[in-house]
Amino acid sequence: MTTTSASYLAIYAVVARIPRGCVATYGQVAGLAGLPGRARLVGYALSALAGGSAIPWQRVVNARGRISPRSCGSDADTEQRLRLEHEGIQFDAGGRIPLERFLWRPGE
DNA sequence: CCACTGACGAGTG
DNA sequence: GCACTCGCCAGTG
């Protein structure tokens, strides 16, 4: 991978830290990675991972507790939901994740 | 170098 | 809760 940026590595390190059965938001990951306000970078970095890395990118969702839909074909969104449900995370009728219950709390 | 695009967030009405 | 706007960084033409 040639997109080796310090910011990317920090993001990957945080995402890899997310415990199974929990989820984190882009903004949360950005903050923990030392990039407050750079939530977009998290999404950008994760997009480069999806498909082959050992990083649990599926545990990262947006601030509304929803899986962000991407542009091209995107069968990954469906796979992401299946993976999360497989880890024990439940979605409500609106296809959202109750963050008050599944949000990852570092240090807990 | 400039413009456009992309897994987003927070603030405002 | 929804719609709109602004801010942020990186990759591509």
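A, B, ... follow the sequence lines: proteins, then strands. Residue 1 opens every chain.
Rounded to a whole Å, the CG atom of A/L9 is 13 Å from the P atom of C/dA10. For the pair A/L49 CG and C/dA10 P, the computed distance is 16 Å after rounding to whole Å. Summarising the geometry, the separation between CZ on A/R96 and P on C/dC2 is reported as 7 Å, rounded to the nearest angstrom. Going from atom OH of A/Y44 over to atom C1' of B/dC4 covers 12 Å, rounded to whole Å. As rounded to whole Å, 12 Å separates atom C1' of B/dC8 from atom CD1 of A/I11. Going from atom CZ of A/R38 over to atom C1' of C/dC6 covers 14 Å, rounded to whole Å. If you take CG of A/L41 and P of B/dG6, they are 16 Å apart, rounded to a whole angstrom. Separating the CD1 atom of A/I55 from the P atom of B/dA7 is a distance of 20 Å, rounded to the nearest angstrom.
Taking 4.5 Å as the limit, every side-chain heavy atom of A/R38 sits out of range of all side-chain heavy atoms of A/V42. Between A/L41 and A/Y8 there is a side-chain heavy-atom pair separated by less than 4.5 Å.
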Pairwise N/O distances under 3.5 Å, protein to nucleotides 9-11 of chain B:
from: B/dG9; atom 1: OP1; to: A/A63; atom 2: N; distance (Å): 2.6
from: B/dG9; atom 1: OP2; to: A/A63; atom 2: N; distance (Å): 3.3

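Side chain of A/N62 to backbone of A/G65: a donor-acceptor contact under 3.5 angstrom is found.
Atom OG1 in A/T78 sits 9.5 Å away from atom CD in A/Q80 (nearest 0.5 Å).
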Extract all donor-acceptor atom pairs below 3.5 Å that involve side chains of residues 88-108 of chain A and protein atoms in other chains or at least two apart in sequence.
from: A/Q90; atom 1: OE1; to: A/R101; atom 2: NH1; distance (Å): 3.4
from: A/D92; atom 1: OD1; to: A/G94; atom 2: N; distance (Å): 2.9
from: A/D92; atom 1: OD1; to: A/G95; atom 2: N; distance (Å): 3.1
from: A/D92; atom 1: OD1; to: A/R96; atom 2: N; distance (Å): 2.7

For a quick test of your reading: what N or O donor-acceptor pairs under 3.5 Å do the side chains of residues 54-61 of chain A make, sequence neighbours left out?
from: A/Q58; atom 1: OE1; to: A/R83; atom 2: NH1; distance (Å): 3.4
from: A/R59; atom 1: NE; to: A/E87; atom 2: OE1; distance (Å): 3.0
from: A/R59; atom 1: NE; to: A/E87; atom 2: OE2; distance (Å): 3.2
from: A/R59; atom 1: NH1; to: A/I18; atom 2: O; distance (Å): 2.9
from: A/R59; atom 1: NH2; to: A/E87; atom 2: OE2; distance (Å): 3.0

